[in-house]
Amino acid sequence: MRLRASNKQKRFRTSDYIPTLGSSDDEADGAANVADEDTNDAFVNPPGAEEEEDDDVVEPDLTSDSDHPPSDGPKDVRTRSRRSVVKSKLRESETERPPGEVQPYPSDPASRWTRAYVGPVTRWSRFPELCQSWFDDRTEYQKVVDVYLSMWAKHELLPPRLVSSEQLNTARNPWMPTKFPEDQENSFLQWYIRHLSSRAGGQKSALIAHSIASSWYLPQTDAALVSLLGPFDALKECTTQQGQSITLATNSLPIEDESPDDSIEQGGFLLDVGGIVMSMGWAPLKGHGDQLLAMSVIPFADQAYYSTPEEAPKESSLKHGSVQIWHIQSEKTERGTTRPSRTNPRLAAAICFDWGRVVRMQWCPVPLPVDDHISLLAILCNDGRLRVIEVRKPQLQGSNATYEEIQEPLALMEIKNEQGVEVSCFTWINTNRIATGLTDGSVVVWSIFPCRILQRHPIHSSPVMDISSSYPSHPFVIATLPVGGVATITDLSKPNGEMVYNPNLIIDFQPNLLAWSEHMRGFIGVWPSAFPASGCISFMSARVFPQARLVLSLDGQPTCLAVGSCHPYVLVGSSDGSLWIVNVFRKVTFYRKASHKLKLFQHEYQEAPSTSKTSDGEDAETAPRGVCRILHGFRPLHNGHPKASRGLKMRQTQMEQAKNRKKAKAASAKKKGRGKDKTDTNQDNAAVEEQVVSRAEDHADGAMPSGEIAVYAPLSRITSACWNPNVDFSWWAAAAMGSGLVRIMDLGVDMKSGHRPAAAADPEEDPGLDIGQDFQVDEDMEDAEDDFGEGEILGDEGPDDTDMMGGGGGWTAVNSR
């Protein structure tokens, strides 16, 4: 389009159409006349600009001047799409302000794009920009992220087994000084010797017999559990009793104890604990020794369905609780890494008490360097009180377990003289500080010795469901999730400062859905979902907390999650019995890279008949307590946003409805004798439909709801999951199922030569990629998918590049090594 020749010489300044202070009414009226319908979509050429003839400029017919009289407003105005204007404004604001400074929130009511996040980090920010915004407060952050690239960029699905000393040190302690872990252990030891070991009236305990522990404290069941294990086309039936375990290969098939074939790679174990695991955690240990897994187990009767209140267990029977500690032996491989040995795990110790069922438990993040101690353990019971106990190392030699009854804890934390106010969740801040969330919405900071309240802050108006500390890089920065409200960050070192929160409201009744990722320096937690059949997990950086990025979308509701202490991989359990793993580093940082998620296994449970006699006439006491099936061997699936999948599904449904209406109309016209028989489908519509179906199949990853909400058996869910915090075993994980089974997995993969540059054959010499280099941005690449805001979400995920270090992904190293 071309303008009139008479208007090509006209130039306008901003003052010509925007009224200024002191301008006359005539000038204001003239400025109002030249205002466009949407001033955000227009721009005016500056004076002195070169005249160009653009194809987008329209030149009306000169013969029609009488029909279109010239106006007093500017004519050389070209409109752009709102999305382009928004992006240009955001990019201009990024260049004007340094990355560390927060951009003020726009106050212009006409800017509708302020409904989404506006700040220093945008959805289309490239990898160097993200690293600068998230990590530039630390010196030499480029080197740390460079090691991240060399370790985890290529391993999208499973964590690698690290053997390099540099990589192990970075994985263990990425952002703190080199000697920080050793200093923490020495300070912990000195504090323990000075205050705890010699004080009077400390923890009181006594050893008890196995018969007393099994009768009163440990859940007991004589019924066997039938399990179907292995690939879906080669399932093998196994039967386990409480306390027994099965050694599994990498294909999840049982390994026979008498099998002489040592070439079969060990993939983990399957334990039968005979109850529902409420909480679980690996003990912090040093070295390459055997590992200890602590778990709190309750009887199935506590969560069973009862027709009348009289049938439910009495309150007096719920006051007995325990924490079981299982011993898992390890062995070294030829490459120097560790893997589980073929010796079956066994119950090494049990800590018993009369405080009630254990709802949550968490180890102190620092091991206690004393010969006969492991560390401190905090347990929250159903009486609403938090207790801290010191745990001694069990006897690892022999097959007999140690049973200890705790009579007085090391520290007791409770809210006195406030009716109905109890502790609902907690987190370790350091070795002598614990933050607890209360049922009245406040957060309390406690000191273990002396045991007293240090701070209390009213943060939420509903009970705090989850709380997580940013230990070790920001120990006094905590995040909280209420039952109803917004996710909030509070800096306890500045109690008078303002809180930061994410404005998206959430309703959450499920605990264990908030965790801190030290490597990414952000929180990973549940995200509100508009569709009840799918759940979302998001990543929120501590520096730009209101901006959330999608981590995982899954069917059903998430029930638990765990973030690795020595790697950025997250485990997410669901109510449908599935356990997923995602590489958070790759998902939230790489620009327009095809991201995938992996389902580790699928657990399905069917309880036994409740009648006194089975179909075979067998007594119910000797009949199995149920049958479960654990499937594995799933292929990686596309990890897209559920909006995109639902959009494709909706588009496919609409096309099918339009096709049916067209057929019905043609049939009606034929019946009345009007028109021709239109049975052939239009080729263009068929091509579009084929494309939509193809894209729907590509996104058919479980995030595409079918329109029906499935209700799964309660005991099919994943109740708890945890990663091993010890760096030499950091690729070990454990997941508990509602049926009473606990899966111990070795998820590490070897770092083969193909996963590193060819010039670096030794992991010690792997230079990786220096993000401090100059980067050239691919301007032809469109903006990334908007995960949690407005924008184009249907489909285009960008090219599926195999090279994770640049190219079509939007950034390329200019000075490559």
Reported SG-to-CG distance for the pair C451 and L410, which is rounded to 0.5 angstrom: 9.0 Å
side-chain contact (heavy atoms from CB on, under 4.5 Å) partner of V297, chosen from R357, M278, Q324, M280: Q324
R521 versus H474, side-chain donor and acceptor atoms under 3.5 Å: yes
Identify all side-chain donor-acceptor contacts of residues 304-315 below 3.5 Å with residues at least two apart in sequence or on another chain.
unit_1 : atom_1 : unit_2 : atom_2 : d
Y306   : OH     : A301   : O      : 2.8
E311   : OE1    : S307   : N      : 3.4

Shortest non-hydrogen contact from G281 toward W363: O-NE1, 3.3 Å
R549 backbone acceptor or donor facing S538 side chain under 3.5 Å: no
Shortest non-hydrogen contact between T559 and I718, atoms and distance: OG1-O, 2.6 Å
Donor-acceptor pair between W446 and T436 side chains, under 3.5 angstrom: yes
Q510 atom CD: more than 12 heavy-atom contacts under 6.0 Å: yes
Cation-pi, F601 ring and R743 (6.0 angstrom, 45 degrees): yes
Flag, side chain of S279 to backbone of M361, donor-acceptor distance under 3.5 Å: yes
Atom pair OG/CD1 of S468 and I524 - distance to nearest 0.5 Å: 10.0 Å
Whether over 12 other heavy atoms sit under 6.0 Å from I507 CD1: no
Test item: T488 side-chain N/O and V500 main-chain N/O as donor-acceptor pair under 3.5 Å: no
Residue from H603, Q606, R717 passing side-chain contact (heavy atoms from CB on, under 4.5 Å) with S739: H603
From CA spacing to verdict: side chain to side chain contact (heavy atoms under 4.5 Å, CB included), I537, V570: CA-CA 10 Å; I537 303 296; V570 59; 5.5 Å; no
T490 versus H457, side-chain donor and acceptor atoms under 3.5 Å: no
Donor-acceptor contact below 3.5 Å, side chain S375 vs main chain V366: yes
Flag, side chain of D466 to backbone of L513, donor-acceptor distance under 3.5 Å: yes
Separation between SG of C566 and CG of N726, rounded to the nearest 0.5 Å: 7.5 Å
Y471/Q184 under side chain to side chain donor-acceptor pair (under 3.5 Å): CA gap, chis, key distance, verdict: CA-CA 12 Å; Y471 179 88; Q184 287 285 293; 3.0 Å; yes
Exercise: identify the closest heavy-atom pair between I448 and T431: CD1-O, 3.6 Å
Parallel, tilted or perpendicular: rings of Y569 and H567 (30°, 60°): perpendicular
Ring-ring centroid check W134 F539, cutoff 6.0 Å: yes
Gap separating the CG atom of L376 from the CG atom of N432, nearest 0.5 angstrom: 9.5 Å
W355, CH2 atom: more than 12 neighbouring heavy atoms under 6.0 Å: yes
Presence of salt bridge, K416 and E422, under 4.0 angstrom: no
Neighbour count above 12 (heavy atom, 6.0 Å) for F634 CZ: yes
R456 side chain to V443 backbone, donor-acceptor under 3.5 Å: no
Side-chain donor or acceptor of S578 paired with backbone N/O of Q602 under 3.5 Å: no
Backbone of L157 reached by a side-chain donor or acceptor of K597 within 3.5 Å: no
Any side-chain donor near an acceptor of the partner, S565 and E518, under 3.5 Å: no
Separation between CE of M465 and CG of D508, rounded to the nearest 0.5 Å: 6.0 Å
Minimum-distance pair of heavy atoms, taken over all atoms of S553 and C536: CB-SG, 4.3 Å
Flag for W732-S730: side-chain donor and acceptor within less than 3.5 Å: no
Stepwise side chain to side chain contact (heavy atoms under 4.5 Å, CB included) test for V388 and F449: CA-CA 11 Å; V388 179; F449 182 82; over 6 Å; no
Side chain S424, main chain V464, donor-acceptor under 3.5 Å: yes
D576/K599 under salt bridge (Lys or Arg N to Asp or Glu O under 4.0 Å): CA gap, chis, key distance, verdict: CA-CA 12 Å; D576 62 352; K599 183 190 292 187; 5.5 Å; no
N/O donor-acceptor pair under 3.5 Å between S574 side chain and G577 backbone: no
